[in-house]
Novice: 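This is the structure, below, for whatever I ask next.
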Amino acid sequence: MIMNPTDPQTFNHRFARISTGRLYHFIDQIPGNYDRTQPPIICLHGFPDSWFGWRHQIGPWCRQGFRVIVPDMLGYGETDMPYDSSAYSTKNICNDISALLDFLEIPKAVVIGHDWGSYTAGRFALWYPDRLIALVMLSIPYTPPKEQYISVEEMVKQYPSYGYQMYFASESSTPEIEENLVPFLSVTFRMPEKILPWSKLDELITDRQINFADDCLLNEHELQFYVSRFRRGMRGPLSYYRTTKTRFEEEKEAQLPAHLLPKLPVLFMYGTKDATCPPSAVRNSHKFISRLDTVALEDVGHWVMLEAQDRVASEVLRFLSSLDSSQQSRM
């Protein structure tokens, strides 16, 4: 069957009960005449997304000979949704990704992440450094483990534009977003020049005076697919924002390093109009990554896989083609 980005059913859907006990739903797209010397790719989506967020890139990468694995992250789509928010700590998510690779008998992979998936991919390079061939981070630059605990409330005082994270971290956001899924998704998936103020997101998504369909990056068909994915609840996806202290404690206990392995090739790609990606953070990431290739997508916002579909696909292929044969030789 030919992959059609407008039809989710044209992709190869699989389920796995992995060794951590979780049930994961994932796309496993294997090229015809698959050459196993080509590194497999695993894509990690962010919030509030789905495997479907990679729909425009899976085909181009697969047609170039790469096996592409795209899970619904924990709490999303058809993957398990534990009730306890601590299950969503980055350590636990990285354990799941490692277990999924074990299930697929893949020792090493190219790990690509966007948004929360980018943060998770960066942490995967710390928790499981021997399992990466290369790392691609989209929209959210690498930041090292913190030396001191900073609560969400303190962070928002320092960076008021992150006020929405305090809302997501509060239990009250779960039922409010569940009751207003269409406005919430329409507010989230927008072109950068049409972004609505997120400082009072709770008031925004309940404002019946706004026509949210205008300027949404998703068409009606895509929007309804996302709504169907979140019908079973938002507790899982929002739980990622409720793990700040758990993440800090786990990373401190493990004494995770600040620097990625010097030999690890890393590509960071971001939109120049993405408010969540300040230039200072991009510059700062160079301190911790020896082999960092940075690509700025001019006039693009946060949703790079939608706003710059072909460019994201081609830049990743360019990056992968630049990897020397010794990095690709042992899968």
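Only heavy atoms go into these numbers, but all of them, side chains included; no hydrogens, no water, no symmetry mates.
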Novice: Apply salt bridge (charged side-chain N to carboxylate O under 4.0 Å, His left out) to the pair Glu298 and Lys273, showing each step before the final yes or no.
Specialist: CA-CA 7 Å; Glu298 293 297 330; Lys273 290 192 173 179; over 6 Å; no
Novice: Is it the case that His25 and Thr79 place a side-chain donor and acceptor less than 3.5 Å from each other?
Specialist: no
Novice: Give a yes or no on this: more than 12 heavy atoms of other residues, nucleotides or ligands lie within 6.0 Å of atom CD of Gln158.
Specialist: yes
Novice: State whether the number of non-hydrogen atoms from other residues, nucleotides or ligands found under 6.0 Å of Gln255 atom CD is greater than 12.
Specialist: no
Novice: Using 4.0 Å as the upper bound for N to carboxylate O, is an ion pair formed by Arg318 and Glu315?
Specialist: yes
Novice: Going by the side-chain hydrogen bond (donor to acceptor under 3.5 Å, both in side chains) test, which pairs reach into residues 125-138, not counting sequence neighbours?
Specialist: Asn95-Tyr128, Ser98-Arg131, Asp102-Arg131
Novice: Please test Glu154 against Ser151 for side-chain hydrogen bond (donor to acceptor under 3.5 Å, both in side chains), starting from the C-alpha separation and ending with a verdict.
Specialist: CA-CA 5 Å; Glu154 289 175 80; Ser151 69; 3.2 Å; yes
Novice: Taking Thr243 for the side chain and Ser86 for the main chain, is one N or O donor matched with an acceptor at less than 3.5 Å?
Specialist: no
Novice: Might you point out which heavy atoms bring Val304 and Gly271 nearest each other, and give the distance in Å?
Specialist: CG1-N, 4.0 Å
Novice: Return yes if some donor-acceptor pair links the side-chain N/O of Gln309 with the main-chain N/O of Gln57 below 3.5 Å, else return no.
Specialist: no
Novice: Do NZ/NE/NH1/NH2 and the carboxylate oxygens of Arg229 and Glu78 come within less than 4.0 Å?
Specialist: yes
Novice: Under a 3.5 Å distance rule, please check whether Thr272 uses its side chain to pair with a backbone N or O of Ala296 as donor and acceptor.
Specialist: no
Novice: Nearest 0.5 Å, what's the CD1-CD1 distance between Ile18 and Ile97?
Specialist: 7.5 Å
Novice: Can you find a heavy atom in the side chain of Phe11 that is under 4.5 Å from one in the side chain of Trp54?
Specialist: no
Novice: Would you mind reporting whether Leu260 and Ser290 have side-chain heavy atoms less than 4.5 Å apart?
Specialist: no
Novice: State yes or no: do Trp61 and Leu323 share one hydrophobic cluster built from I, L, V, M, F, W and Y residues joined by side-chain heavy-atom distances below 4.5 Å, directly or via other members?
Specialist: yes
Novice: For the CD1 atom of Ile112 and the SG atom of Cys43, what is their distance to the nearest 0.5 Å?
Specialist: 4.5 Å
Novice: Other than Tyr149, what residues sit in its cluster of Ile, Leu, Val, Met, Phe, Trp and Tyr side chains whose heavy atoms are under 4.5 Å apart, directly or through others?
Specialist: Phe248
Novice: Hydrophobic clusters join Ile, Leu, Val, Met, Phe, Trp and Tyr when side-chain heavy atoms are under 4.5 Å apart, directly or via other members; which others share one with Tyr34?
Specialist: Ile30
Novice: For Lys157, is there an ion pair with Glu153 - N to carboxylate O distance below 4.0 angstrom?
Specialist: no
Novice: For Arg231, is there an ion pair with Glu178 - N to carboxylate O distance below 4.0 angstrom?
Specialist: no
Novice: Tell me yes or no: between the side chains of Ser173 and Glu176, is some donor less than 3.5 Å from an acceptor?
Specialist: no
Novice: Any chain of hydrophobic side-chain contacts (each under 4.5 Å) joining Phe184 to Ile195?
Specialist: no
Novice: To the nearest 0.5 Å, what is the distance between CG (Leu218) and CG (Leu223)?
Specialist: 6.0 Å
Novice: Okay, side chain of Asp72, backbone of Phe26: is any donor-acceptor separation there less than 3.5 Å?
Specialist: no
Novice: For residues 44-51, please give each side-chain donor-acceptor pair under 3.5 Å, one per line with the distance, not counting sequence neighbours.
Specialist:
from	atom 1	to	atom 2	distance (Å)
His45	NE2	Met73	N	2.9
Asp49	OD1	Tyr226	OH	2.5
Ser50	OG	Phe52	N	2.9

Novice: Hey, is the main chain of Asn12 close enough, under 3.5 Å, to the side chain of Gln29 for a donor-acceptor pair?
Specialist: yes
Novice: Show the nearest heavy-atom pair for residues Pro60 and Leu317, with the distance to one decimal.
Specialist: O-CD1, 4.3 Å
Novice: Are a donor atom and an acceptor atom from the side chains of Ser118 and Asp115 found within less than 3.5 Å of each other?
Specialist: no
Novice: Contact between Pro8 and Phe225 at the side-chain level, heavy atoms closer than 4.5 Å - yes or no?
Specialist: yes
Novice: Please answer: with hydrophobic residues joined when any side-chain heavy atoms are less than 4.5 Å apart, are Leu135 and Val316 in the same cluster?
Specialist: yes
Novice: Checking side-chain contact (heavy atoms from CB on, under 4.5 Å) for the pair Asp274/Val300: CA distance, chi angles, key distance, verdict?
Specialist: CA-CA 7 Å; Asp274 184 354; Val300 170; over 6 Å; no
Novice: Are any of the side-chain heavy atoms of Pro141 and Tyr270 separated by less than 4.5 Å?
Specialist: no
Novice: If I compare all heavy atoms of Val68 with all of Ile58, which pair ends up nearest, and what's the gap?
Specialist: CG2-O, 4.0 Å
Novice: What pairs meet the salt bridge (charged side-chain N to carboxylate O under 4.0 Å, His left out) rule with one or both residues in residues 79-96, with sequence neighbours excluded?
Specialist: Arg17-Asp80
Novice: Under the criterion side chain to side chain contact (heavy atoms under 4.5 Å, CB included), which of Arg247, Met81, Arg235 is the partner of Tyr88?
Specialist: Met81
Novice: Tell me whether the guanidinium CZ or amine NZ of Arg242 lies under 6.0 angstrom from the six-membered ring centre of Phe168 and within 45° of its axis.
Specialist: no
Novice: Answer yes or no: does atom OH of Tyr83 have more than 12 heavy-atom neighbours from other residues, nucleotides or ligands under 6.0 Å?
Specialist: no
Novice: I need the Tyr24 OH to Arg14 CZ distance, nearest 0.5 Å.
Specialist: 15.5 Å
Novice: Supply the atom-to-atom distance Asp293 CG to Met269 CE, rounded to the nearest 0.5 angstrom.
Specialist: 9.0 Å
Novice: Of Tyr162, Tyr167, Trp116, which is the lone residue that meets ring pair (Phe, Tyr, Trp, His ring centres under 6.0 Å) with Tyr241?
Specialist: Trp116
Novice: Checking Arg63 side chain against Pro31 main chain: does a donor-acceptor pair fall under 3.5 Å?
Specialist: no
Novice: Go through it in stages, so that I can follow the logic: the residues are Arg55 and Glu222, the test is salt bridge (charged side-chain N to carboxylate O under 4.0 Å, His left out), and I'd like the CA-CA distance, side-chain angles, deciding distance and then a yes or no.
Specialist: CA-CA 11 Å; Arg55 62 193 176 278; Glu222 293 167 330; 3.1 Å; yes
Novice: Do Lys194 and Cys216 make a side-chain contact, defined as non-hydrogen atoms from C-beta onward lying under 4.5 Å apart?
Specialist: no
Novice: Hey, does Glu307 have a side-chain heavy atom less than 4.5 Å from the side chain of Leu217?
Specialist: yes
Novice: Which Ile, Leu, Val, Met, Phe, Trp or Tyr residues join Val156 in one cluster when any pair of side-chain heavy atoms under 4.5 Å counts as a link?
Specialist: Val152, Met166
Novice: Please say yes or no: joined through hydrophobic side-chain contacts below 4.5 Å, possibly via intermediate residues, are Ile69 and Met305 part of one cluster?
Specialist: yes
Novice: Taking the six-membered ring for Trp, are Trp303 and His114 parallel (under 30°), tilted (30 to 60°) or perpendicular (over 60°)?
Specialist: tilted
Novice: Could you measure the distance from the CG atom of Leu185 to the CZ atom of Arg190? Nearest 0.5 Å is fine.
Specialist: 12.0 Å
Novice: Please examine the side chains of Thr143 and Asn284, heavy atoms only from C-beta on, and report whether any two atoms are closer than 4.5 Å.
Specialist: no
Novice: With the 4.5 Å side-chain cut-off for hydrophobic clustering, are Ile140 and Leu132 part of the same group?
Specialist: no
Novice: Does the salt bridge (charged side-chain N to carboxylate O under 4.0 Å, His left out) test come out yes or no for Glu251 and Lys146, once each step is laid out?
Specialist: CA-CA 8 Å; Glu251 292 178 359; Lys146 289 184 170 57; over 6 Å; no
Novice: Output yes when a side-chain donor or acceptor of Arg291 lies under 3.5 Å from a complementary backbone atom of Lys263, and no otherwise.
Specialist: yes
Novice: Does the side chain of Val110 reach to within under 4.5 Å of the side chain of Pro40, using non-hydrogen atoms?
Specialist: no
